[in-house]
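Just the heavy atoms: all of them, side chains too, but no hydrogens, waters or symmetry mates, feed the values below. Naming convention: chains lettered A, B, ... in sequence-line order (proteins, then strands); numbering from 1 in each chain.
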Amino acid sequence: MVATALAEAVTHPATGAALDIEQVSHAFDIDGTELPVLSDVSISVEPGEFVALLGPSGCGKSTLLRLIAGLDKPKAGRLREDEERIRNPHPSRVVVFQDPTLFPWRSVWDNVALGLEAQGILRSQRQRVDDALDLVGLSPFRDAYPHQLSGGMAQRVALARALVNDPKILILDEPLGKLDSLTRITMQAELVALWQRKGFTTLLVTHDAEEALVLANRVIVFSDRPARVKADIRVDRPYPRHRGDPYLAELRRQILGLLGLDATW
Amino acid sequence: MSTYSLSDGLASGAPRTSRVPLLANWIRESGAGVLASVAWIALGLSCLWWQDVGDWSRTHSLGIAAFIIAALALFGTVGADYLGAAGQALHKRAPWLVALGVFLTVWEVATAKFAWLPLPFFPPPQAIIEVYTDDLPKLLDSVLASIKLQLGGYLIGATIGFLTGVSIGWSRAVGYWVHPVLRFIGPLPATAWLPIAFFTFPSSWSASTFLIALATGFPVTVLTWSGVASVSNAYYDVARTLGAKPSFLVLKVAIPAALPHVFVGLFMGLGSSFAVLVVAEMIGVKAGLGWYLQWAQGWAAYANMYAALIVMSLLCSGAITLLFAIRDRLLVWQKGTVKW
Ligand SMILES: Nc1ncnc2c1ncn2[C@@H]1O[C@H](COP(=O)(O)OP(=O)(O)OP(=O)(O)O)[C@@H](O)[C@H]1O
Ligand SMILES: [Mg+2]
């Protein structure tokens with residue numbers, strides 16, 4: 001059933017990786033007391049799927065993304081990329097963090113080039129950096145420093161910095177949160193086009209149900225902290241999607257209900 | 001309000017601007033330059049008008065030089081429009097030129113002409129000029145010796161301090177061993193080591209280099225360390241997800257992020273190493289400006305002392321300027337840095 005849904009949604013063969021999250025629990029120590037953040041989360045993501053993660057603020061979405069990236073190890077459970085245990089960060093899984101965290105001492109171009117430089121392949125692949133900058137429309141700012149950019153531009157640089165690595169899994173933590181609504185809609189369309197073209201697996205954390213429904217084939221709703229999977233909703237709609245689509249509106253009503261907002265919304 | 005003043009300016013303001021403001025403009029543009037010229041003429045006159053109370057051979061030359069500077073200031077001001085950048089530079093510095101001229105005139109009159117200030121201790125400007133012309137070889141030797149000693153010690157201290165700071169900031173094991181030593185020895189003023197250093201080291205030169213390096217190394221170490229330790233983890237996370245290896249994290253993340261702190265340490269080290277340099281030269285090394293000062297004091301050659309002091313201050317200031325230039329170059333990405 002999953003396979004047929006994907007065949008409709010993804011036009012090109014997927015080059016993305018599969019991601020398996022198996023009974024993952026995590027907790028933080030805060031002054032000796034344990035703060036449970038993730039509770040028995042299991043999600044299985046097919047190669048090339050676009051999954052949106054929705055949940056209340058502070059429920060543990062960013063924490064889950066850090067585990068997927070390999071930056072932290074879960075207290076319990078297992079994470080796998082294409083059957084291989086995730087133990088360390090790897091450039092096949094690139095994260096766009098909630099905060100753009102550009103390196104202030106590097107120009108925009110050098111920030112985007114970071115991944116290729118770290119992997120020692122920048123010399124032969126400089127064109128990829130130019131292409132990524134073109135993609136987010138920031139070529140004129142290639143020599144600017146981060147303090148000279150607006151918040152939205154910085155976020156776009158962070159996106160370019162991730163995309164330039166041709167990841168198998170792209171992990172996005174509210175990357176469009178800081179953009180104005182117009183740029184945001186444009187970037188959403190760009191993101192879908194890019195994902196369709198490249199076929200990477202995408203995980204997108206967002207607090208905007210509408211954004212999740214316009215972009216993803218699958219929306220996962222988390223409970224309050226500690227986060228559990230509350231609902232796993234398939235969005236069987238072709239792209240480009242329309243915000244006014246009554247099918248999406250009905251899904252949106254359902255999702256908001258799950259998040260605790262009543263039907264008047 | 002704005003429309004009112006606009007119409008007022010259109011109706012009656014235009015003809016008024018043509019007469020009175022012209023003079024005001026001229027005074028604003030050229031007043032300081034002309035005043036500077038007057039001040040330096042005053043210096044020249046004060047040199048040549050009265051007899052010196054002592055025996056100085058450069059009084060006449062100083063007077064002539066003052067007139068030349070006065071003439072240059074005047075022509076530079078009048079012809080500012082044709083001089084481009086040089087005219088602009090003169091215009092910007094004209095108030096300082098006035099102050100300098102006045103100061104030198106007062107100094108000249110108070111010392112060489114009426115001896116209001118007790119004489120051997122307050123030599124007139126021409127006595128200092130005399131030192132620069134007649135004692136130049138010795139002074140130059142001293143300058144070179146000082147620069148050599150300072151540069152060697154500073155570079156060694158800064159390099160070792162930087163490497164130590166990065167190691168402590170990066171490695172827990174290194175920090176465990178080095179930190180207590182640093183806490184115990186670092187705060188000790190480097191000059192306290194002087195007596196020991198001078199008999200344990202094979203030469204006074206190597207002893208002084210060691211002391212200067214020590215004075216430089218401590219602040220550079222501490223600030224590099226704190227810089228590396230305060231780098232936000234978010235930067236490391238980003239770099240690691242992009243495939244960075246530990247060497248990349250040190251060289252391309254930790255060090256550039258810590259660089260602003262490192263420069264604070266380099267500035268502090270420069271200041272304290274100057275102090276050590278002068279003391280070391282006075283006590284142990286038989287060369288350099290510190291030694292020259294000591295020697296001049298022994299001969300009661302006060303003019304030589306002032307001359308050496310002026311050179312020393314130019315050198316120290318030059319070193320700081322150079323460090324600022326390097327910093328501005330490396331830290332262009334920072335906004336709102338202090339201009340020296
Ligand atoms: N390094 C940490 N140490 C201790 N507690 C942490 C740490 N990181 C996150 N937490 C806690 O874990 C919980 C979940 O944080 P997380 O950042 O995953 O939330 P989130 O779902 O991403 O929220 P938001 O939508 O607001 O970004 C929060 O209560 C937070 O206080
Ligand atoms: Mg978050």
*Asks:* Among the options A/Leu116, A/Val96, A/Leu114, A/Asn88, pick out the one with the most heavy-atom pairs lying under 4.5 Å from chain B.
*Replies:*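 Sorted descending by pairs with chain B, the first entry is A/Leu114.
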*Asks:* Is a donor on one side and an acceptor on the other found under 3.5 Å between the side chain of A/His26 and the backbone of A/Pro36?
*Replies:*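 Between the backbone of A/Pro36 and the side chain of A/His26 there is no qualifying donor-acceptor contact (under 3.5 Å).
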*Asks:* Under 4.5 Å from any heavy atom of chain B, what part of A/Ile171 do you find: side chain, backbone, both or neither?
*Replies:* neither
*Asks:* So B/Phe162 and B/Leu266, do their side chains get closer than 4.5 Å, heavy atoms only?
*Replies:*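 When only atoms from C-beta onward are counted, B/Phe162 and B/Leu266 do not touch, as no gap falls below 4.5 Å.
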*Asks:* Which atoms of B/Phe248 are under 4.5 Å from chain A, going by heavy atoms: the side chain, the backbone, both sets, or neither?
*Replies:*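 The side chain, not the backbone.
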*Asks:* Go through A/Phe97, A/Trp105, A/Tyr145 and name the one with the most non-hydrogen pairs under 4.5 angstrom from chain B.
*Replies:* A/Trp105
*Asks:* If you measure from the Lys or Arg side-chain nitrogens to the Asp or Glu carboxylate oxygens, is any gap between A/Arg184 and A/Glu211 under 4.0 Å?
*Replies:*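 Yes, charged N to carboxylate O under 4.0 Å.
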*Asks:* How about B/Phe267 and B/Phe324: are their ring centres within less than 6.0 Å of each other?
*Replies:*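 Between B/Phe267 and B/Phe324, the centre distance is under 6.0 Å.
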*Asks:* Applying a criterion of heavy atom separation less than 4.5 Å, what residues of residues 68-80 of chain A form contacts with chain B?
*Replies:* A/Ala69, A/Gly70, A/Leu71
*Asks:* Heavy-atom pairs under 4.5 Å with chain A: which of B/Ser247, B/Ser232, B/Pro256 has the most?
*Replies:*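 Looking at each option in turn, the highest pair count goes to B/Pro256.
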*Asks:* Out of A/His90, A/Glu117, A/His147, A/Arg66, which one racks up the most heavy-atom pairs below 4.5 Å with chain B?
*Replies:*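 Heavy-atom pairs under 4.5 Å are most numerous for A/His147.
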*Asks:* Examine distances only and state if a side-chain atom of A/Thr33 and a backbone atom of A/Asp29 form a donor-acceptor pair shorter than 3.5 Å.
*Replies:* no
*Asks:* Any donor and acceptor pair, going by atom type alone, linking the side chain of B/Trp225 with main-chain N or O of B/Thr164 inside 3.5 Å?
*Replies:* no
*Asks:* Is A/Lys168 paired with A/Glu81 through a side-chain N to carboxylate O contact shorter than 4.0 Å?
*Replies:*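 No, no charged N to carboxylate O under 4.0 Å.
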*Asks:* Taking the side chain as every heavy atom from C-beta outward, state whether A/Ile220 and A/Ile43 have any pair of such atoms under 4.5 Å apart.
*Replies:* yes
*Asks:* Where do A/Gln119 and A/Asn165 land on the side-chain hydrogen bond (donor to acceptor under 3.5 Å, both in side chains) test, with the steps shown first?
*Replies:* CA-CA 10 Å; A/Gln119 295 155 47; A/Asn165 298 286; 3.2 Å; yes
